[in-house]
Amino acid sequence: MAGKLIAFEGLDGSGKTTQALLLVEALKARGFKAYYTCEPTYWRVGDLLRLHVLRLKRRSPVYEALLFAADRYEHVAREIRPKLRRGYIVVSDRYLHSSLAYQGASGLSLQWIRKINFFAPKPDLVILLDLPAEKALERKLRGRKPRGFESLAFQRRVRKVYLEMAGAEGFLSFDALKPVDRLGREILEAVLSRLNLTPPKG
Ligand code: TYD
């Protein structure tokens, strides 16, 4: 496939959405075709996840893992593959490694999670925005009570899985506490050099 797939990963409150959008704008400004997208998606299963399942008090890790995989299947089929085929740099705000980190931290085997996501193309690059779980929660909650995935112990487990995968799979890892603009410039430079991207002519 002609394009490239970049995934942003990290805890809620790490600034993924801001940085993913900044990267897409910076790539476009340099003449690349770039496309922002996110998971959970705004397709059917994504809506089900965001509007219902993630708000339930009683969580079921297997059910969630299957739904995230189903959402990803639709994401890949409707957006990611078509855009890659047309040569876009696709920037996904969460992707496969969110399932590994979150559903893995919920106690499921990483091997099984990988298996049910067999259809998902491997990202060309994963960018991890890393910060301590305490800081991420602080940014996210701003004083309100934690719910669902928001306990400190759970966030710490998620971070641990992310850091292990970052080492094993060669993610680009950044300190998410750096100022937004500086972090944005560092991410752009690292992406251009790691993916060997040269701006299109004309
Ligand atoms: P999030 O990126 O926080 O969406 P929003 O900012 O729109 O609320 O994603 C919602 C939650 O879903 C987040 O806490 C992480 C979780 N999640 C998983 O557990 N597994 C997955 O595979 C994905 C994509 C997300």
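Numbering of ligands and ligand atoms starts at 1, following listing order. Just so you know, these numbers come straight off a predicted model, no measurement behind them. Sequence positions, counted from 1, serve as the residue numbers for this chain.
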Item to check | Point-to-point distance, once rounded to the nearest 0.5 Å, from CD of E74 to CD of E39 | outcome: 11.0 Å
Checklist entry - atom 5 (P) of ligand 1: protein heavy atom closer than 4.0 Å? => result no
Next on the checklist: Parallel, tilted or perpendicular: which one describes the rings of Y102 and F154, with boundaries at 30° and 60°?
Outcome noted: tilted
Next on the checklist: In this structure, does ligand 1 have an atom that sits under 4.0 Å from one of the heavy atoms of E64?
Outcome noted: no
Next on the checklist: Considering both backbone and side-chain atoms of Y102, is one of its nitrogen or oxygen atoms within less than 3.5 Å of a nitrogen or oxygen in ligand 1?
Outcome noted: no
Next on the checklist: Considering both backbone and side-chain atoms of Y95, is one of its nitrogen or oxygen atoms within less than 3.5 Å of a nitrogen or oxygen in ligand 1?
Outcome noted: no
Checklist entry - Hey, is the main chain of I6 close enough, under 3.5 Å, to the side chain of D124 for a donor-acceptor pair? => result no
Item to check | Heavy-atom nearest option to atom 19 (O) of ligand 1, drawn from R59, Q155, Q103 | outcome: Q103
Checklist entry - What protein heavy atom sits nearest atom 1 (P) of ligand 1, and how far away is it? => result R94 NE, 3.6 Å
Next on the checklist: For F119, does the six-membered ring have the charged nitrogen or CZ of R72 within the cation-pi criterion, i.e. under 6.0 angstrom from the centroid and within 45° of the normal?
Outcome noted: no
Checklist outcome for this item: Among non-hydrogen protein atoms, atom 25 (C) of ligand 1 lies closest to F68 CE2, 3.4 Å
Item to check | Ion pair check, E189 and R185, cut-off under 4.0 Å | outcome: no
Checklist entry - Applying the side-chain contact (heavy atoms from CB on, under 4.5 Å) test to Y95, which of N117, I80, V90, V126 qualifies? => result I80
Checklist outcome for this item: among protein heavy atoms, the one nearest atom 13 (C) of ligand 1 is D12 OD2, 3.5 Å
Item to check | Any N or O of R50 closer than 3.5 Å to N or O of ligand 1 | outcome: no
Item to check | Atoms of ligand 1, numbered as shown, that sit under 4.0 Å from any heavy atom of S98 | outcome: 20 (N), 21 (C), 22 (O), 23 (C), 24 (C)
Next on the checklist: My question is simple, although I want it checked carefully: is atom 22 (O) of ligand 1 less than 4.0 angstrom from any protein heavy atom?
Outcome noted: yes
Item to check | Pairwise distance NZ(K16) to CG(L129) - rounded to 0.5 angstrom | outcome: 7.5 Å
Item to check | Sidechain N-carboxylate O distance under 4.0 Å for D130, K135 | outcome: no
Item to check | Option set L49, D93, T41, L54, criterion heavy-atom distance to atom 11 (C) of ligand 1, minimum | outcome: L54
